[in-house]
Trainee: 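Here it is, the structure in full.
A quick note: this is a predicted structure, and the numbers were derived from the prediction, not measured. Excluded from the calculations below are hydrogen atoms, water molecules and symmetry mates; all remaining heavy atoms, backbone and side chain alike, are included.
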Amino acid sequence: MATHRFDPDFTDNVINSMGSKTSPRMRQLMTGLIRHVHDFARENELTVDEWMAGVEMLNWAGQMSDDKRNEGQLVCDVIGLESLVDEITFTLAEEAKDAPTATAILGPFFRADTPYRSNGDDIVINKPKDGQMAFMHGQIMDFATQRPLVGVTVEVWEASTNGLYEQQDPDQDEYNLRGKFQTDADGRYYFYCLRPTPYPVPGDGPAGKLLALMDRHPFRPAHIHIMATHKGYRPLVTQIFDRKGKYLENDSVFAVKDSLVVDFIPRDGDPHAALELKYDVKLVADTQSDSV
């Protein structure tokens, strides 16, 4: 029995309009979505003006999105949705006794066309005066066997010290602070990068406006994005966070996990970098791919 004063049959009519060819999973997802959205509208007595403001914000996010910036994803980030979906997807793996590398959100500034570089290369094309150079290295291993994996693609990207990724900043060269690497015969990757610095979610779009409307700060803690992919293994998307940076306790997109907080240590005898970061990654075999 309906507990509201609106048409008690309306939501069921919408759900029941799905045809017999709807897949079971699509029916489950759309039924839950429709019920929650309709309940939200009724519980808050959403007005046409408020609904249109939401539609306009979604349209705005779509208009701002391209292959260099995903504003729709950023809107999901600031309400915690992407981090929640990430937690749901990987909870069982993270609760294992010896868990594989924890995941984190992709973020809105990933580029699929990032070029490959050689191990040992420097991804900092435009070196900021206030930047600290670091040598980052690690080994990619099979989670179950602990053996090193050869030929894993390791993709990294980060913002510069001015808080901007290269596609946001006309003063940065294309693909600055980005690179794809492949692990060597020992499963190792290594390159030079910047020690990351905190930066704000861009305020020029709907995600930034939403943060302001909710009276929340826009800052993300200092982090480096990593994606590791290899045939026969589940792809890993994660972020690693500088332990000495700000906003670890109140990341504006809720992506920080304890196991992803890392320490940069002094590096001796290297004229190119005064800091060092070692970060190993464990990949989980994709058993589904074996059965296809």
Trainee: Verify, without hydrogens or angle tests, whether Thr11 (side chain) and Ile34 (backbone) share a donor-acceptor contact under 3.5 angstrom.
Mentor: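 A pair under 3.5 Å: no.
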
Trainee: At their closest point, which heavy atom of Leu236 faces which heavy atom of Ala102, and how far apart are they?
Mentor: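 Minimum heavy-atom contact is CD1-O, 4.0 Å.
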
Trainee: What's the spacing between Arg220 CZ and Thr197 OG1 if we round to 0.5 Å?
Mentor: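 Going from CZ on Arg220 over to OG1 on Thr197, the span is 12.5 Å.
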
Trainee: Apply side chain to side chain contact (heavy atoms under 4.5 Å, CB included) to Thr238 and Lys257, showing your working.
Mentor: CA-CA 10 Å; Thr238 194; Lys257 299 174 183 175; over 6 Å; no

Trainee: Less than 4.5 Å apart, any side-chain heavy atom of His217 and any of Asn250?
Mentor: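 Side-chain contact under 4.5 Å: yes.
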
Trainee: Does CG belonging to Asp258 count more than 12 external heavy atoms closer than 6.0 Å?
Mentor: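 Count not over threshold, so no.
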
Trainee: Would you check if the side chain of Glu155 reaches a backbone N or O of Thr114 as a donor-acceptor pair within less than 3.5 Å?
Mentor: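 Looks like no, no N/O pair under 3.5 Å.
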
Trainee: Any chance you could measure Asp122, atom CG, to Met133, atom CE, to the nearest 0.5 Å?
Mentor: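 Taking CG in Asp122 and CE in Met133, the distance rounds to 4.0 Å.
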
Trainee: Transitively linked via ILVMFWY side-chain contacts under 4.5 Å: Ile79 with Phe254?
Mentor: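 Each belongs to a different hydrophobic cluster.
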
Trainee: Between Gln132 and Phe264, does a side chain to side chain contact (heavy atoms under 4.5 Å, CB included) hold up when you go through it step by step?
Mentor: CA-CA 11 Å; Gln132 294 180 282; Phe264 287 80; over 6 Å; no

Trainee: Testing the 3.5 Å rule here: is there a donor-acceptor pair between the side chains of Tyr199 and Ser160?
Mentor: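 No - no donor-acceptor pair under 3.5 Å links their side chains.
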
Trainee: Would a hydrophobic clustering, with Ile, Leu, Val, Met, Phe, Trp and Tyr connected at side-chain separations under 4.5 Å, put Val37 with Val55?
Mentor: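 No, no single cluster joins them.
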
Trainee: More than 12 non-hydrogen atoms from neighbouring residues, nucleotides or ligands closer than 6.0 Å to NZ on Lys180, yes or no?
Mentor: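 Above 12, so yes.
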
Trainee: According to a 4.5 Å side-chain heavy-atom criterion applied to Ile, Leu, Val, Met, Phe, Trp and Tyr, with indirect links allowed, do Met18 and Leu33 form part of one hydrophobic cluster?
Mentor: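 Yes, Met18 and Leu33 fall within the same hydrophobic cluster.
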
Trainee: Restricting to non-hydrogen atoms, name the atom on Thr161 and the atom on Pro128 that form the minimum distance, rounded to 0.1 Å.
Mentor: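 Looking at all heavy atoms of both residues, the shortest contact is OG1-CB, 3.2 Å.
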
Trainee: Does any N or O in the side chain of Arg117 come within less than 3.5 Å of the main-chain N or O of Arg178, such that one atom is a donor and the other an acceptor?
Mentor: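 Between the backbone of Arg178 and the side chain of Arg117 there is a qualifying donor-acceptor contact (under 3.5 Å).
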
Trainee: Could you walk me through whether Phe181 and Tyr189 pass ring-ring contact (aromatic ring centres under 6.0 Å, His included), step by step?
Mentor: CA-CA 7 Å; Phe181 301 86; Tyr189 71 93; 7.7 Å; no

Trainee: Quick check: does any side chain N or O of Asp186 sit under 3.5 Å from a backbone N or O of Arg188, one acting as donor and the other as acceptor?
Mentor: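 Here the side-chain-to-backbone pair does not exist.
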
Trainee: Under a 4.5 Å cut-off applied to non-hydrogen side-chain atoms, are His230 and Ile140 in contact?
Mentor: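 Heavy-atom side-chain distance check fails, nothing below 4.5 Å.
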
Trainee: Could you tell me if Glu43 and His4 have a donor-acceptor pair between their side chains, going purely by distance under 3.5 Å?
Mentor: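 Result is no, nothing qualifies.
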
Trainee: Can you name the closest pair of heavy atoms from Lys246 and Pro198 and give their distance?
Mentor: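 Between these two residues, the closest heavy atoms are N-CG, 4.3 Å.
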
Trainee: Give the intermediate values and the outcome of salt bridge (charged side-chain N to carboxylate O under 4.0 Å, His left out) for residues Lys282 and Asp280.
Mentor: CA-CA 7 Å; Lys282 298 175 183 178; Asp280 295 335; over 6 Å; no

Trainee: Leu58 and Met64: same hydrophobic cluster, using ILVMFWY side-chain contacts below 4.5 Å?
Mentor: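 Leu58 does not cluster with Met64.
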
Trainee: Do Ile226 and Val154 have side-chain heavy atoms sitting under 4.5 Å apart?
Mentor: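 Yes, their side chains come closer than 4.5 Å.
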
Trainee: Are the side chains of Tyr175 and Arg111 in touch, meaning some heavy atoms are under 4.5 Å apart?
Mentor: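 Touching, per the 4.5 Å side-chain cut-off.
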
Trainee: Taking all atoms of both residues into account, what is the closest heavy-atom pair of Pro235 and Thr229, and its distance?
Mentor: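 For Pro235 versus Thr229, the nearest heavy atoms are CB-CG2, 3.8 Å.
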
Trainee: Is the shortest heavy-atom distance from the side chain of Val256 to the side chain of Pro221 under 4.5 Å?
Mentor: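 The answer is yes, as the side chains (C-beta and beyond) meet within the 4.5 Å cut-off.
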
Trainee: Enter the distance from Thr183:OG1 to Met141:CE here, rounded to the nearest 0.5 Å.
Mentor: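 Reported to 0.5 Å precision, the distance equals 11.5 Å.
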
Trainee: Does some side-chain heavy atom of Leu177 sit less than 4.5 Å from a side-chain heavy atom of Glu166?
Mentor: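 A side-chain contact under 4.5 Å is absent here.
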
Trainee: Cation-pi check, Arg267 to Phe135: give yes when NZ or CZ is under 6.0 Å from the six-membered ring centre and within 45° of the ring axis, no otherwise.
Mentor: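 Yes, a cation-pi geometry.
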
Trainee: With rounding to the nearest 0.5 angstrom, report the OH to CZ distance, Tyr165 to Phe110.
Mentor: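 Here the interatomic distance stands at 12.5 Å.
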
Trainee: Can you tell me how far the CG atom of Asn176 sits from the CD atom of Gln167, to the nearest 0.5 Å?
Mentor: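 Rounded to the nearest 0.5 Å, the CG-CD separation comes out at 10.5 Å.
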
Trainee: Donor-acceptor check, side chain of Ser17 to backbone of Val14, threshold 3.5 angstrom: yes or no?
Mentor: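 Confirmed, Ser17 side chain pairs with Val14 backbone.
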
Trainee: Decide yes or no on side chain to side chain contact (heavy atoms under 4.5 Å, CB included) for Ile123 and Trp157, but give the supporting numbers first.
Mentor: CA-CA 9 Å; Ile123 67 171; Trp157 65 102; over 6 Å; no

Trainee: Show your reasoning for whether side chain to side chain contact (heavy atoms under 4.5 Å, CB included) applies to Arg35 and Asp12.
Mentor: CA-CA 8 Å; Arg35 287 202 186 280; Asp12 284 339; 2.8 Å; yes

Trainee: Between Phe191, Tyr190, Tyr192, which is the residue that forms a ring pair (Phe, Tyr, Trp, His ring centres under 6.0 Å) with His272?
Mentor: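 Looking at Phe191, Tyr190, Tyr192, the match for His272 under the ring pair (Phe, Tyr, Trp, His ring centres under 6.0 Å) is Tyr192.
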
Trainee: Nearest 0.5 Å please: distance from the NZ atom of Lys231 over to the CG atom of Leu149.
Mentor: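 Spacing of NZ (Lys231) from CG (Leu149) equals 14.5 Å.
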
Trainee: Any donor-acceptor pair under 3.5 Å linking the side chain of Ser118 with the backbone of Asp121?
Mentor: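 Answer holds: no.
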
Trainee: Glu71 versus Arg69: any side-chain heavy-atom pair under 4.5 Å?
Mentor: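 SC-SC contact between Glu71 and Arg69 confirmed.
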
Trainee: Taking atom NZ of Lys127 as the centre, report whether more than 12 heavy atoms of other residues, nucleotides or ligands fall under 6.0 Å from it.
Mentor: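 Counting neighbours around NZ of Lys127, more than 12 heavy atoms of other residues, nucleotides or ligands fall under 6.0 Å, so yes.
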
Trainee: Could you pull out the closest heavy-atom pair between Ser252 and Val201, with the gap in Å?
Mentor: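 Looks like OG-CG2, 3.5 Å.
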
Trainee: Could you check whether any side-chain heavy atom of Ile240 comes within less than 4.5 Å of a side-chain heavy atom of Met136, counting everything from C-beta outward?
Mentor: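 Ile240 reaches Met136 side chain to side chain.
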
Trainee: Could you see if Phe109 belongs to whatever hydrophobic cluster contains Val156? Use Ile, Leu, Val, Met, Phe, Trp, Tyr and a side-chain cutoff under 4.5 Å.
Mentor: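 Different clusters.
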
Trainee: Which pair of non-hydrogen atoms, one from Leu260 and one from Ala104, has the smallest distance, and what is that distance?
Mentor: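 Taking Leu260 first and Ala104 second, the nearest heavy atoms are CD1-CB, 3.9 Å.
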
Trainee: Any side-chain donor-acceptor pair under 3.5 Å between Asn162 and Asp169?
Mentor: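 Checked: Asn162/Asp169 side chains pair up, N/O donor to acceptor below 3.5 Å.
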
